[in-house]
J.: 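Quick one: the structure is below, and I'll ask about it shortly.
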Amino acid sequence: MSYVNQPMKKKDAEALVTGQPVYTDDLAPKDCLIVKVLRSPHAHAMIEEIRTDAAKKVPGIACVLTYKDVPQERFTFAGQTYPELSPYDRLILDRHIRFVGDAVAIVAGETEKAVDKAMKIIKVRYELLEPVLDFHKAKDNPVLLHPEDNWESKVPVGADNKRNLCASKVEALGDVDAVLADCKYVVERTYHTKANQQAMMETFRAYTYLDYFGRLNVVASTQVPFHVRRILGRALGIGASNVRVIKPRIGGGFGAKQTSVAEVYPALVTLKTKRPAKMIFSRYESQICSSPRHEMEVKVRLGADEQGILKAIDIYTLSNTGAYGEHGPTTVGLSGHKPLGLYGNTEAYRFAFDVVYTNHMSAGAYRGYGATQGIFAVESAVDELAEQMHMDPVRFRELNMSKEGGKFIGYDGSPWVTSCTLDKCLEKAKQMIGWDEKYPRRDMGNGKIRGVGAALAMQGSAIAGVDVGGATIKLGEDGSYTLSLGATDMGTGCDTILSQMAADVLETEFDNIVVFGVDTDISPYDSGSYASATTYVTGMAVADACKELREKIRALGAEMLEAAAEEVEFDGKRVYVLDGSREVSLQEIAVKGTCGNNESLHVTVNRSSKISPPPFMAGVAEVEVDTETGSVELIDYAAVVDCGTPVNPNLARVQTEGGLAQGIGMALYEDIQYNEKGQLRNNSFMQYKIPSRVDIQKIRVDFAPSYEKSHPFGAKSIGEIVINTPCPAIANAVYNAVGVRVREMPIKPEKIAMELASRERDI
């Protein structure tokens, strides 16, 4: 391979560093109407009266829309395949207000100043309702968030709007209770993770216009263009065929833009006014009315025998979907399936969950997608079980972890681990950190104690039997290739790695591949960039399309040479007769392909997969805890990843470092808080702390490649797994340092200081 597994420079690297990429707001026409949304100050209410007459008279105002002006067909913002597992529980605007920040009215005008003025003079009278703010009390609460009769769940996920349930399920193998009763060592613990924000640099945004045929065109910063097309078609009552979605460069998403947060509002304005419109979320809006990670409480029971063999796992997840069900039924599954897959040799397991509605901002997709929460819980419980056995927790993992060819508990039904170097990942990470010398703690002699902690993780590579990748490859008359993709590059570099694959299959220069971004009118269908699908599923589509095009080039070359197809070969530059008697260049074939030829040198391929081979990871943290203040400093973090063949090692390393930074933020800094009225306290980066590069300190990344045979280049995913180890590894390191077990993220200094002070008082 000339390009796969090589550190190729990103296709757009020079444009990025010179400030040339064009984002959504850069493309919006200057005469766009400015669209904003008036938002509710109450967590739960009914609109009794809304007066907009004065607002409509403000000079420059084009329209003011309320619940009376929108279609009454319920839908979901969740960008998932059809039929969506998320219930249809939204209207564009609704009389029933369900969280502080919920949409009350849409205002569009010529200038931002006019829109702001109009919003201030809209008068709304609310009937206040009792809010459901504690997700422990939501299930079967007499206060219903979705009592409406046209609420609909298209897929049987255990949803019941009359019980405030977005999803509910129990699955099991063997008799968990009986196996646990026979175990010598058992732990039962509860862990809590809060609703983290993705905090991508480019906020939610979209602009819309009508083309010459009267079709709605949407230019949006989205991870899921084809899903946005379907969502808007339903929400607006115009059908998907009347919607075209174009994706320019995206300034980050991390799952947030798998939810169609912004697009529907300017789209409705454009349909009403026939004018271009745009909506740009402020950072404040991105904090209070977006699609953060699901808050989850995960109860774990683990049991092991006297030899330290894990016999049973019991997981119950309570997930807070907030006011609407976006991604609620799908995210929760990973909280059990991913940690279960780490330890596939257990005799019995049970995984149960409830996803409940509350009067908080609705949650959505965030890198890790539920696995982050579940792995924090199980990997923390593993350490607690190992401590009960007086066993090194790394040794416990070595005894019990899944290995290649071994039994596997996979949500896709896979009975065996198809590719895995998790044992090598852990061994390498252990060596990198110096585990044997540093475990469990070292007293630094100045009131500070250092400890080390470890964690394992796995994710998936696309959603088995569901996600679809698409690729179109075309030979141009100059001998270059155009690669058209339906997958969304949001800064991850997927345009680059897919071009690397194409260049290797076609045996051409990397720069001879021209990548074309997503336009739902002309791009091949692709589920979108989520669920770690692009490298694996879209990569298979690219490879297959290029193989098929090779055969077309070879066949046309044979025809031009007046030879049988089996008598010729194509080497990327020419088609030649095997006996060396004659040849025709790719340039000549390309010209022939545009002149007097009946065979199109153009191939489109879609691919899906029946399996979802997981990437694996080991992470080991070293922390220093100040015993006086309780502050935690991350000294060192060693991470080793098995992502199959790293298609581009440089980009894989950057992905890993970025995911670790977000995981470290979740573990140590990001603390979502609501007041007693359901108002979010963390409505800016002044209150919601995310780590800078200085805060992250030392991160070291390495790879232990496996080879996934179901992919033409042996590749698996990497985008999500890399966020999953910091929370448990850091929590385990803090415990090993000072003996304080933190079971709720983030690990705040006051928690540690108060626990240490309490111990001193007891002494």
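It should be emphasised that the depicted structure is a prediction, and the values quoted were computed from it without experimental measurement.
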J.: Applying side-chain contact (heavy atoms from CB on, under 4.5 Å), can you list everything that pairs with K592, at least two apart in sequence or on another chain?
T.: L556, M560
J.: Could you give the distance from CG (L506) to CD1 (I513), rounded to the nearest 0.5 Å?
T.: 5.5 Å
J.: Tell me whether the count of non-hydrogen atoms from other residues, nucleotides or ligands lying under 6.0 Å of NZ in K154 goes above 12.
T.: yes
J.: So, K257 and E202, do they make that salt bridge, N to O below 4.0 Å?
T.: yes
J.: Any side-chain heavy atom of P646 within less than 4.5 Å of one from N5?
T.: yes
J.: Verify the distance criterion only: is there a donor paired with an acceptor across the side chains of N648 and Q6 at less than 3.5 Å?
T.: no
J.: Stepwise, does the side-chain contact (heavy atoms from CB on, under 4.5 Å) test hold for V243 with V218?
T.: CA-CA 7 Å; V243 182; V218 181; 4.2 Å; yes
J.: Do D467 and S608 have side-chain atoms, one donor and one acceptor, less than 3.5 Å apart?
T.: no
J.: Mind listing the closest non-hydrogen atom pair of S461 and S612 along with its distance?
T.: N-OG, 2.9 Å
J.: Answer yes if the ring centres of F226 and Y525 are under 6.0 angstrom apart, and no otherwise.
T.: yes
J.: Only one of Q655, R367, K338, Q459 passes side chain to side chain contact (heavy atoms under 4.5 Å, CB included) with I721; say which it is.
T.: Q459
J.: Just checking, is any N or O donor in the side chain of T472 or S484 under 3.5 Å from an acceptor N or O on the other one?
T.: no
J.: Does the side chain of Y3 pick up a donor-acceptor pair with the side chain of E509 at under 3.5 Å?
T.: yes
J.: Under 4.5 Å between any side-chain heavy atoms of Y707 and T421, yes or no?
T.: no
J.: Quick check against the 3.5 Å criterion: does Q223 have a side-chain atom that pairs as donor or acceptor with the backbone of S529?
T.: yes
J.: So, K278 and D25, do they make that salt bridge, N to O below 4.0 Å?
T.: yes
J.: Which distance, rounded to the nearest 0.5 Å, do you find between the CG of L483 and the CG of L498?
T.: 6.5 Å
J.: Quiz question: by atom type and distance under 3.5 Å, do the side chains of T270 and Y207 form a donor-acceptor pair?
T.: no
J.: If you measure from the Lys or Arg side-chain nitrogens to the Asp or Glu carboxylate oxygens, is any gap between R582 and E562 under 4.0 Å?
T.: no
J.: Could you go through the side-chain contact (heavy atoms from CB on, under 4.5 Å) check for T488 and V224 one step at a time?
T.: CA-CA 7 Å; T488 302; V224 286; over 6 Å; no
J.: Give me the atom names and distance for the closest heavy-atom approach of V575 to A558.
T.: CG1-N, 4.1 Å
J.: Are K573 and E507 close enough for a salt bridge, meaning some N to O gap below 4.0 Å?
T.: no
J.: Are D519 and R244 within salt-bridge range, i.e. N to O under 4.0 Å?
T.: yes
J.: Ignoring hydrogens and geometry, is there a side-chain-to-backbone donor-acceptor pair from E708 to P613 under 3.5 Å?
T.: no
J.: Between S86 and E84, does any side-chain donor sit less than 3.5 Å from a side-chain acceptor?
T.: no
J.: What do the steps show when you test D526 against T538 for side chain to side chain donor-acceptor pair (under 3.5 Å), and what is the final call?
T.: CA-CA 8 Å; D526 194 290; T538 307; 2.9 Å; yes
J.: Can you tell me how far apart CD1 (I34) and CD1 (I280) are? Round to the nearest 0.5 Å.
T.: 8.0 Å
J.: Take L586 and F570, measure what side-chain contact (heavy atoms from CB on, under 4.5 Å) needs, and give me the verdict at the end.
T.: CA-CA 9 Å; L586 178 64; F570 174 49; 4.1 Å; yes
J.: To the nearest 0.5 Å, how far apart are SG in C643 and CE in M617?
T.: 10.5 Å
J.: Identify whether NZ of Lys or CZ of Arg in R74 sits under 6.0 Å from the centre of the six-membered ring of Y88 and within 45° of that ring's axis.
T.: no
J.: Here's one to test your reading of the geometry: is the NZ or CZ of R574 within 45 degrees of the ring axis of Y576 and under 6.0 Å from its centre?
T.: yes
J.: Give a yes or no answer on whether the side chain of T331 reaches the backbone of G328 with a donor-acceptor pair at less than 3.5 Å.
T.: no
J.: Please report the shortest heavy-atom distance between P524 and G470, naming the atom on each side.
T.: CG-C, 3.6 Å
J.: Checking H227 against Y530: is there a side-chain donor and acceptor pair closer than 3.5 Å?
T.: yes
J.: Looking only at heavy atoms, which two atoms of A78 and I231 are closest? And how far apart?
T.: O-CD1, 3.6 Å
J.: Using modelled atom types only, decide if a donor and an acceptor are shared between the side chain of S221 and the backbone of I250 within a distance under 3.5 Å.
T.: no
J.: Main chain of V155, side chain of S153: is a donor-acceptor contact present, judged purely on distance under 3.5 Å?
T.: yes
J.: Under a plain distance cut-off of 3.5 Å, with no hydrogens placed, do R607 and S609 share a side-chain donor-acceptor pair?
T.: no
J.: For the residue pair G341 and F408, what are the closest heavy atoms and their distance?
T.: O-CE1, 3.6 Å
J.: Can you confirm if the NZ or CZ of K11 lies within 45° of the ring axis of F510 and under 6.0 Å from the centre of its six-membered ring?
T.: yes
J.: Return yes if some donor-acceptor pair links the side-chain N/O of T534 with the main-chain N/O of C494 below 3.5 Å, else return no.
T.: no
J.: Nearest 0.5 Å, please: how far is CD1 in I522 from CZ in F516?
T.: 3.5 Å
J.: Show, in sequence, the C-alpha distance, side-chain angles and deciding distance for R215 and D521, and conclude whether the salt bridge (charged side-chain N to carboxylate O under 4.0 Å, His left out) test is met.
T.: CA-CA 11 Å; R215 292 175 73 227; D521 270 9; 2.8 Å; yes
J.: In terms of side-chain geometry, is the basic nitrogen of K10 or D495 positioned less than 4.0 Å from the acidic oxygen of its partner?
T.: no
J.: Any ion pair linking K716 and D642 (charged N to carboxylate O, less than 4.0 Å)?
T.: yes
J.: Side chains of E404 and T418: do they bring a donor and an acceptor to under 3.5 Å?
T.: no
J.: Hey, could you give me the CD1/OG1 distance between I718 and T656, rounded to the nearest 0.5 Å?
T.: 3.5 Å
J.: Does a sphere of radius 6.0 Å around CD in Q20 hold more than 12 heavy atoms from other residues, nucleotides or ligands, not counting ones at 6.0 Å or beyond?
T.: yes
J.: Determine whether a donor-acceptor pair (N or O, by modelled atom type, separation under 3.5 Å) exists between the side chain of T203 and the backbone of F281.
T.: yes
J.: Side chains of Q587 and S585: any donor to acceptor distance under 3.5 Å?
T.: no
J.: Could you pull out the closest heavy-atom pair between S499 and V515, with the gap in Å?
T.: OG-CG2, 2.9 Å
J.: If only atom types and distance count, is the side chain of E567 paired as donor or acceptor with the main-chain N or O of A564 below 3.5 Å?
T.: yes
J.: Quick check on Q72: does its CD atom have over 12 non-hydrogen neighbours (other residues, nucleotides or ligands) under 6.0 Å away?
T.: yes
J.: Do V605 and V542 make a side-chain contact, defined as non-hydrogen atoms from C-beta onward lying under 4.5 Å apart?
T.: no
J.: Would you find a donor on one side and an acceptor on the other, under 3.5 Å apart, between the side chain of D544 and the backbone of A541?
T.: no
J.: Do the side chain of Q198 and the main chain of A365 share a donor and acceptor less than 3.5 angstrom apart?
T.: yes
J.: Quick one: do I106 and L268 satisfy side-chain contact (heavy atoms from CB on, under 4.5 Å)? Show the steps, please.
T.: CA-CA 9 Å; I106 304 169; L268 181 62; 3.8 Å; yes
